[in-house]
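Note that these values count all heavy atoms, side chains included, but never hydrogens, waters or copies made by symmetry. Quick note: residue numbers are just sequence positions, from 1.
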Amino acid sequence: MRGSPRPSPAHRAGLLFDLDGTLAQTEHLHLAAFNAILAPQRRRLDEEGFVRDVSGRANAAIMAFLFPDATADERVRLAEQKEVSFRELAAAGGVAATPGAAALLAWARHRGIATGLVTNAPRANAEMMINVLGLADAFDVLVSADELERSKPHPDPYEAALELLALAADDTVAIEDSVTGIASARAAGIAVIALSIAQTAAALHASGAALVVSNLADPALYAYLDQAFATA
């Protein structure tokens, strides 16, 4: 985690963001990196399987699912190999920001809303991506779930962000793109706006999201945030 607990005014508003698939369009790069480590076994993930079984989950859970017969050490090695491949692909092809991401972060900054990045990605990945996107200074804290005992879908990553920013869950909104991430934020008592990119709007609605939008520039997103933060 980056940051330290700080005092804050009563009812301070907070806006917390997932990274992969939410702020950065990286799902195709992750899929390619996973297929690179599956290739020696003549196995392959398709997009449907990636969204259903992998997207939003932490590496430990993914590797246990993909390599059930591997030892713990082998899974760690494969996860590290996958992340190296991902960073190489990202560096070669660049990482695209989700349309509207920079404007939304600027909107939050202008209003004095606390911002946090809450991700299951390893810190090295997260820091590389926000640097490439020019967003390194956009967040008050960065919580990497692989540094915690439990990752998403458990509430721990979002609870850590709330503690670091001295925020109340009722004064905070999270933006996510996966059922796993939504479950994590909701378990921490945080309302969620779901970005419908990799998964269907119906699945995201069913997951408990308060609002589902197709992009981060959607006027409905800003209307929701204005109302949610009206008393913060």
Taking [X] for the side chain and [Y] for the main chain, is one N or O donor matched with an acceptor at less than 3.5 Å?
X	Y	answer
R43	L66	yes
T98	T22	yes
S144	A121	yes
T26	D20	no

Roughly how far, to the nearest 0.5 Å, is [atom2] of [Y] from [atom1] of [X]?
X	Y	atom1	atom2	answer
H154	E159	NE2	CD	11.5 Å
I190	S184	CD1	OG	8.0 Å
R52	D46	CZ	CG	7.0 Å
D177	I182	CG	CD1	8.0 Å
E47	L31	CD	CG	6.5 Å
D218	S196	CG	OG	11.0 Å

Side chain proximity check, [X] to [Y], heavy atoms < 4.5 angstrom:
X	Y	answer
F17	L104	yes
E27	S55	yes
E127	V132	no
L221	L216	yes
I62	K82	no
I130	L117	yes
V143	T119	no
S207	R186	no

Mind running side chain to side chain contact (heavy atoms under 4.5 Å, CB included) on T172 and D170 for me, showing each step along the way? CA-CA 6 Å; T172 306; D170 288 346; over 6 Å; no
Quick check: closest heavy atoms across [X] and [Y], and the distance to 0.1 Å?
X	Y	answer
P157	V118	CB-CG1, 3.6 Å
T115	A138	OG1-O, 2.8 Å
F229	A13	CD2-CB, 3.6 Å
L167	G14	CD1-CA, 3.7 Å
L45	F34	CD1-CB, 4.1 Å
A24	L133	CB-CD1, 3.8 Å

Give every residue pair that meets the ring pair (Phe, Tyr, Trp, His ring centres under 6.0 Å) criterion with at least one member in residues 85-126, sequence neighbours excluded. H30-F86, W107-Y222
Lys/Arg cation over aromatic F65: R57, 6.0 Å, 45° cone: yes
E83 and N59: CA distance, side-chain angles, deciding distance, side-chain hydrogen bond (donor to acceptor under 3.5 Å, both in side chains) verdict: CA-CA 9 Å; E83 297 306 345; N59 269 342; 2.6 Å; yes
Residues Q25, V95; criterion side chain to side chain contact (heavy atoms under 4.5 Å, CB included); working and verdict: CA-CA 7 Å; Q25 297 306 291; V95 178; over 6 Å; no
Step-by-step side-chain hydrogen bond (donor to acceptor under 3.5 Å, both in side chains) determination, T71 to D73: CA-CA 5 Å; T71 66; D73 287 344; 5.5 Å; no
Within the supplied structure, the quantity of interest is the number of heavy atoms (other residues, nucleotides, ligands) at a distance under 6.0 Å from [X] [atom1]; does it exceed 12?
X	atom1	value
Q227	CD	no
Q81	CD	yes
D137	CG	no

Does one side chain, of E176 or Y158, offer a donor that lies under 3.5 Å from an acceptor on the other? yes
Would R12 and D171 satisfy side chain to side chain contact (heavy atoms under 4.5 Å, CB included), going step by step from the backbone distance to the final call? CA-CA 7 Å; R12 184 187 187 202; D171 298 322; over 6 Å; no
Got a salt bridge between R109 and D140, using NZ or NE/NH1/NH2 to carboxylate O under 4.0 Å? yes
Tell me which one of D18, T180, N120 satisfies side-chain hydrogen bond (donor to acceptor under 3.5 Å, both in side chains) with K152. D18
Might you work through the side chain to side chain contact (heavy atoms under 4.5 Å, CB included) test for V84 and E88, ending with a clear yes or no? CA-CA 6 Å; V84 168; E88 289 174 348; 3.7 Å; yes
